[in-house]
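Below: the structure, in structure tokens.
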There are 2 protein chains.
Amino acid sequence: MSDRQNSTRKTRSDKERNRTHILEVAEQFFGEQGVDGPMQAIAKRAGLGPGTLYRHFPTREALLVALLEARWNELEARRQAIEERGSDSVAALKAWLEALHEFVTAFDGLPAPLREASMDNTSPLTITCEDLVATTGHFLAAAQRDGRAHPWVGARELFLSVLATVWVTGAALADQASGQALQALLRFGWETPLPDTDAPPADRRPRPDLDPPT
Amino acid sequence: MSDRQNSTRKTRSDKERNRTHILEVAEQFFGEQGVDGPMQAIAKRAGLGPGTLYRHFPTREALLVALLEARWNELEARRQAIEERGSDSVAALKAWLEALHEFVTAFDGLPAPLREASMDNTSPLTITCEDLVATTGHFLAAAQRDGRAHPWVGARELFLSVLATVWVTGAALADQASGQALQALLRFGWETPLPDTDAPPADRRPRPDLDPPT
DNA sequence: GCACAAATGGAGGTTATGTCCGCATGGGAC
DNA sequence: GTCCCATGCGGACATAACCTCCATTTGTGC
């Protein structure tokens with residue numbers, strides 16, 4: 001970023017100015033209306049033509065990527081904090097999932113494009129998603145090594161479960177209670193029952209019987 | 001339904017004919033394109049003007065309700081079959097959740113309107129959703145009475161978790177594996193660990209600590 | 001057949017998306 | 001300072017979808 005035009009001219013100053021202004025406006029707008037709000041409205045609120053908006057961010061997703069970048073740094077900091085705290089692996093995983101949850105709750109309607117991105121591989125958001133899955137996998141693996149998480153659970157599933165939880169509760173629109181209960185439900189899903197007997201720690205139960213793929 | 005005009009005239013025959021034709025076309029169309037496909041296309045494929053389509057089904061949701069009605073009967077039959085089978089409560093709940101899963105997978109994109117409906121209370125789909133939640137609650141309660149499901153789990157959450165699972169896996173578009181793993185994750189969430197010790201059966205663990213509502 | 005209520009169909013208002021191109025504006029040479 | 005021109009701007013426009021309204025057609029009862 002900020003690499004100047006190596007050929008002849010410096011990039012015009014108004015360009016960068018407009019870019020950041022768009023980002024400010026979009027941040028506010030998405031915060032109010034959710035990520036599905038009309039792009040037009042952002043351009044209008046920024047006092048720019050639609051052409052300019054699309055020149056800077058050719059798709060809604062591109063705009064989202066730029067907006068999430070700032071928050072991504074914050075999330076990364078939180079990840080480090082969790083790791084340096086050196087708490088037990090389950091607490092760490094829980095903390096990370098909560099951080100992830102908050103990240104996905106940043107804007108209303110965010111889960112949908114993230115889900116899309118984690119499937120399609122063609123979206124600019126894909127890399128972000130894969131990073132998030134990777135970090136989730138990092139914490140999950142630690143918990144599994146300690147025998148505190150079922151070994152058959154995957155990082156991708158946990159990530160998707162966070163998306164699903166946020167999606168289903170409508171990003172804070174709807175009842176908090178269901179959201180929390182769902183989170184608890186999922187936690188009970190991955191967490192291993194009890195280290196309070198001295199039986200073999202991890203998989204006291206085998207992988208649950210999955211129905212054949214019909 | 002099919003109550004004739006009590007005032008003066010019988011309802012015109014072409015009306016009912018068009019209605020059923022629209023339903024046939026819509027069933028196929030939604031099956032192919034998902035429930036978000038353009039309404040126009042349905043009208044066109046049925047050889048009708050958009051006005052006629054909207055006269056019969058004023059909203060996309062109204063059309064969905066009519067389409068789901070047939071499948072709802074099927075689901076109801078399945079419910080009865082499960083109950084008459086008289087299997088154990090956990091198996092019954094599992095079977096019901098699977099039936100529900102298939103119901104929600106009927107059309108691509110179905111989870112979204114159902115979620116909407118189960119929140120808004122203004123949608124024509126709302127009643128359907130509430131019926132589904134009620135039945136889920138029926139099977140869940142039985143399992144809880146047997147101490148085979150965590151007592152703090154609610155019917156609504158289970159229903160929403162089915163919606164969420166289907167949503168996140170993109171209604172059979174995406175990887176089956178993640179979908180099944182998620183289902184397993186959730187099942188581990190609600191199912192009570194083990195009747196293989198003769199300890200008090202149900203809540204071996206208290207309701208998990210929910211974080212205070214921030 | 002005839003009259004008329006009922007139903008049709010498509011034209012059209014509205015809102016959103018994304019592109020294209022004439023125009024203005026900022027950067028650099030002098 | 002001023003002039004040139006590449007760079008970026010802005011909004012008009014092409015496209016697509018939604019949904020409504022009303023002139024026209026069509027089926028029903030007599």
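In what follows, chains carry the letters A, B, and so on, assigned in the order in which the sequence lines appear, proteins first and then strands, with residues in each chain numbered from 1. The model shown is predicted, which means the values in this text are computed figures rather than measured ones.
Legend: side chain to side chain donor-acceptor pair (under 3.5 Å) pairs involving residues 49-60 of chain A, not counting sequence neighbours: none detected.
Counting only heavy atoms from C-beta outward, the side chains of A:I82 and A:R79 never approach each other to under 4.5 Å.
Note that B:R19 lies outside the cation-pi zone of B:F57, set by a 6.0 Å cut-off to the ring centre and a 45° limit from the axis.
Between B:I22 atom CD1 and C:dA7 atom P the separation is 13 Å, expressed in whole Å. Rounded to a whole Å, the NZ atom of A:K15 is 4 Å from the P atom of D:dG8. Atom pair A:R17:CZ and C:dG27:P shows a separation of 8 Å (rounding to whole Å applied). Counting to the nearest Å, the P atom of C:dA7 and the NE2 atom of B:H21 are 19 Å from each other.
In this model, the phosphate group of C:dT8 is approached by a side-chain N or O of B:N18 to a distance below 4.0 Å at OP1 or OP2. Phosphate proximity of C:dG18 to A:R60: absent, as no side-chain N or O sits under 4.0 Å from OP1 or OP2.
Between B:D14 and B:G37, the residue anchored nearer the 5' end of DNA chain D, judged by the nucleotide with its closest heavy atom, is B:G37.
Under the 30°/60° scheme for interplanar angles, the aromatic rings of A:W167 and B:W167 are found to lie parallel.
Taking every heavy atom of residues 39-59 of chain B and every atom of DNA chain C, pairs under 4.0 Å involve B:L48, B:G49, B:P50, B:G51, B:T52, B:R55, B:H56, by number.
No more than 12 heavy atoms of other residues, nucleotides or ligands shown are found within 6.0 angstrom of CD on B:E74. Within a 6.0 Å sphere centred on CD of B:E32, heavy atoms belonging to other residues, nucleotides or ligands number more than 12.
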